[in-house]
Amino acid sequence: IPQMQRALLSLTIPLEMLQLVKSRMMEAMLKGLSRETHAQSCVQMLPTFICSTPDGTEKGNLLVVELCQKHVRTLWVKLLGDGNYSPEIMYKIFDLPESVMQGKGEELFGFIAKCVCQFLSGIDSPQAPIPLGFVFPFSCKKKKLDEAELISWSKGFCCSDVEGKDVVQLLQKAINSQEVYNVDVVALLNDTVGTIMTCSTRDKPCEIGLVVDTGTNSCFMAEAQLVEMVEETSGRMCVNTEWGSFGDDGSLNDILTPYDQRVDQESSDPGLKRFEKLVGGLYLGEIVRHVLVSLTAEKALFVGSNVSTLRTKDVIRTEQVLDIIDGADGMETARKILEALGLSPSERDCCRVQQVCRAVVSRAAALCAAGLAAILTHMREARGLEQLSVNVGVEGQLYQRQPRFGEILQSVTGLLAPECTTTLLHAVDGTGRGAAMVTAVALRLAAQRREVDLLLAPLQLSYDDLKHVQALMRQEMELGLGRDTHANASVRMLPTYVCATPDGKEQGKFLALDLGGTNFRVLAVHVGKEGIRMASEIYVIPTTAMTGTGEALFDHIMECIIDFQQKQDLMAQVLPLGFTFSFPCQQLGLDKAVLLNWTKGFNASGCVGEDVVRLLREAAQRKEHLGLKVVAVINDTVGTMMSCGYDDPNCEIGLIVGTGSNACYMEEMRNVGTVEGEQGRMCINMEWGAFGDNGCLGSIFTDFDEQVDEKTINAGKQRFEKLISGMYLGEIVRHILVAMVEKQLLFHGKPCSSLMERNIFQTKFLSTIEVDGLALRQVQGILQDLGIQASFEDSVLVRKVCHTVSLRAAQLCAAGLAAVVEKMRENRGLDKMAVTVGVDGTLYKLHPCFSQNVQKTLRELAPNCNVTFLQSEDGSGKGAALVAAVACR
Ligand code: ADP
Ligand code: MG
């Protein structure tokens with residue numbers, strides 16, 4: 001019969017159409033998540049402030065109170081920490097008088113508080129304070145897990161003086177004023193969210209919750225940084241989609257049938273909740289009824305029967321629809337139901353009614369699947385995954401009563417989101433148990449947060465701490481500069497004999513050597529009117545040369561220079577040479593530097609205590625290379641300052657934050673007690689890495705710093721550097737992580753052998769992990785490469801540790817700089833001073849927030865100095881040439 005076919009066809013949504021529904025749902029979800037479009041979105045995507053699912057370690061007794069349509073339910077849930085497989089639950093239901101539902105807010109909360117106290121009086125010695133989870137299924141503006149303003153009442157409630165107020169506080173006050181029990185309202189949630197929580201066990205975290213009951217809704221764990229309505233950017237947050245309103249903007253119009261339009265018009269809220277009205281149990285019976293009414297009118301059904309009863313609203317209930325669709329039994333059910341309505345259905349009528357019911361239920365399940373597929377795809381994309389495998393907790397009578405619903409849901413979801421594997425789990429009492437879980441998770445996280453804070457507190461420096469470090473640095477600087485105090489100062493303040501920064505008028509062609517960084521290089525530098533041009537060559541220094549005799553080392557260096565000059569066709573010229581030699585030296589003149597000790601793997605004999613320029617010149621003589629004219633030897637800090645100084649004449653400070661850390665600056669000659677002369681300025685190589693080696697930083701060092709220091713080849717030395725530079729930050733982080741594992745705060749407390757390996761956690765990982773907005777999945781990836789299985793929450797914690805360590809490093813660096821710039825400002829008798837710092841070092845350059853943190857802290861510590869930071873490009877090479885050039889000038 002064509003009428004029948006037409007009706008069934010209109011209720012069947014083809015797969016391509018379902019795909020379309022899915023992508024529209026995804027669009028609506030994104031719209032709801034975005035700050036700009038949130039207000040216009042029909043899918044609201046409400047943040048719940050629930051940031052973690054249960055991991056099975058939750059333990060203890062919890063109280064739940066649920067405000068329902070006509071009653072208040074209280075539950076006592078005992079979690080055993082056994083993976084959440086078998087919580088013990090006791091509950092009690094209290095009737096809620098209508099007068100209370102519509103009276104004063106105070107009375108309502110007083111009533112709930114009385115229920116709570118009465119319930120607790122039947123429970124053996126509850127420990128205090130008793131944590132309580134409050135299920136409050138009304139639309140709220142949530143600000144925290146335990147703060148939610150009621151937007152408006154619904155479901156027959158209209159108590160005065162509650163809208164716009166924080167209902168958690170109202171309940172807390174009401175319970176407190178009973179003065180019987182010490183109860184702490186820890187969490188507020190609506191009913192959907194619980195579904196996720198009940199289905200999560202230790203082995204199977206559940207990340208999507210689906211409710212298909214009288215209404216429909218869903219929630220899922222979203223990437224927090226995509227939930228723009230809240231500030232949280234790290235981790236995940238459960239989002240309550242409120243997808244029942246999907247389609248209220250017309251986006252479902254092309255699948256709505258005339259039956260749906262009639263159902264909508266007869267509902268209490270026409271035009272709203274369009275998606276829910278296609279899926280929710282409250283409406284399926286009505287849709288079927290309207291189909292039957294119209295088929296009867298078209299004479300396709302019940303020919304000859306009196307069908308007036310069919311015109312009454314709600315005579316067919318959804319449970320009946322669900323029962324009718326099952327085979328022969330269903331046919332029988334259909335007959336009984338129809339007869340009860342005063343119809344006398346034929347065999348064929350029953351069959352057709354069954355077909356209609358099937359079509360309506362299948363359509364509901366398929367639409368639900370389209371929504372679920374939208375969530376799955378959104379999650380998969382947000383996490384940057386090719387494949388996603390998740391557990392979905394499902395609750396509600398449609399799913400529970402009719403297995404076909406679940407089957408269709410599962411199979412259509414598979415078709416619409418083929419890259420995702422879903423396991424549907426049946427949620428039992430999601431609301432009550434779920435609320436207990438949310439509360440338990442909140443307690444677990446709060447306890448964990450307190451312990452983490454305790455552990456990290458010594459690494460968190462206050463403004464006063466930093467001011468103290470600044471003052472100490474200043475004091476050590478004075479000691480290092482003083483003729484009589486110099487020998488005992490931890491900051492050596494070495495004179496460099498560089499007395500001027502470039503003025504931009506330098507010209508000429510120079511050679512430069514760079515020894516002591518990661519590579520050995522020879523450079524030809526042409527300084528001209530149009531700027532600086534360079535050619536350079538990297539040479540390997542074999543380990544045999546690094547650790548053999550000094551003569552062999554310098555012979556090798558000489559050979560590299562000659563090779564370079566030949567390649568560059570520079571043999572015929574005598575070029576002034578600047579030598580960047582980045583090892584600690586006692587400098588006696590611009591071209592005279594006595595090596596104090598080797599570092600960085602060098603250990604050539606016969607060099608310590610010698611002037612390295614002389615060693616180089618002697619090698620030139622041995623090689624009969626007469627065209628070498630060494631005019632200056634500098635360290636890399638000075639090179640950095642000089643190279644930036646060429647572009648910015650205000651640059652009078654050099655800073656290195658790479659493998660190690662050091663700084664130099666232009667000091668007044670009159671303050672340099674270790675060099676004769678009062679006129680002008682000289683660049684001072686602070687060697688600030690050793691700051692604190694005399695114990696003055698004792699209050700800043702943590703246990704972690706001591707552990708790192710103990711294992712270095714220079715224990716007790718370079719203590720400031722060991723708080724700041726690239727060689728050490730990863731190690732500090734590693735030690736903190738080890739302590740956290742020991743305290744059961746990380747990786748479920750499982751001992752982690754790879755984490756015990758020294759230097760396994762490199763400083764460059766901090767840079768990657770701290771990139772703003774990096775998906776936590778990538779953090780997990782980094783840890784996985786280290787052989788560490790990190791959960792999602794572990795990753796959040798690891799990131800926090802990295803932040804803490806790199807922030808402290810940046811702040812300490814700023815405290816050191818503050819001492820420098822303030823001294824310079826006072827030297828010059830200025831109220832305000834503008835100065836530029838030339839900076840080099842991979843940590844400073846590549847870490848995502850190190851440089852901002854240095855600058856921000858410096859502004860706070862030295863507000864009278866306007867400090868600009870300029871990153872040097874190839875400071876060591878350029879700088880050496882510029883020192884040579886300035887010297888020639
Ligand atoms: P050097 O100080 O030896 O001249 P660099 O300035 O390149 O060399 O610094 C090297 C140091 O930088 C390494 O010890 C390493 O700890 C650190 N580092 C390397 N890559 C990164 C990165 N991406 N982020 C932060 N630090 C890094
Ligand atoms: Mg360097």
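Order of listing sets the numbers, starting from 1, for every ligand and every atom in it. The model shown is predicted, which means the values in this text are computed figures rather than measured ones.
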Mind telling me whether Tyr844 and Phe850 have parallel, tilted or perpendicular rings, with 30° and 60° as the class edges?
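The rings of Phe850 and Tyr844 stand perpendicular, inter-plane angle above 60°.
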
Hey, is ligand 1 close enough to [X] that some N/O pair sits below 3.5 Å?
X: Lys764; value: no
X: Ile656; value: no
X: Thr842; value: yes

Below 4.0 angstrom from a heavy atom of [X], which ligand 1 atoms are there? Numbered from 1 as shown, please.
X: Gly658; value: 2 (O), 6 (O), 9 (O), 11 (C)
X: Gly726; value: 16 (O)
X: Gly841; value: 6 (O)

Does atom CE of Met727 have more than 12 heavy-atom neighbours from other groups under 6.0 Å away?
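Incorrect, the count does not exceed 12.
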
Would Asp648 and Thr836 count as a side chain to side chain donor-acceptor pair (under 3.5 Å) here? Give the steps.
CA-CA 8 Å; Asp648 178 351; Thr836 299; 2.7 Å; yes

Restricting to non-hydrogen atoms, name the atom on Ala593 and the atom on Cys585 that form the minimum distance, rounded to 0.1 Å.
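Closest pair (atom of Ala593, atom of Cys585, distance): CB-CB, 3.9 Å.
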
Return the minimal non-hydrogen interatomic distance between Val452 and Met740, and the atom names on each side.
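Nearest pair, atom of Val452 first, then Met740: CG1-CE, 3.8 Å.
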
Whether Thr857 side chain and Asn853 backbone form a donor-acceptor pair below 3.5 Å
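Indeed, once roles are kept as given, a pair shorter than 3.5 Å links the two residues.
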
With atom 24 (N) of ligand 1 as the reference point, say which of Pro848, Ser806, Ser767, Ser876 has the nearest heavy atom.
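When every heavy atom of Pro848, Ser806, Ser767, Ser876 is considered, Ser767 comes closest to atom 24 (N) of ligand 1.
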
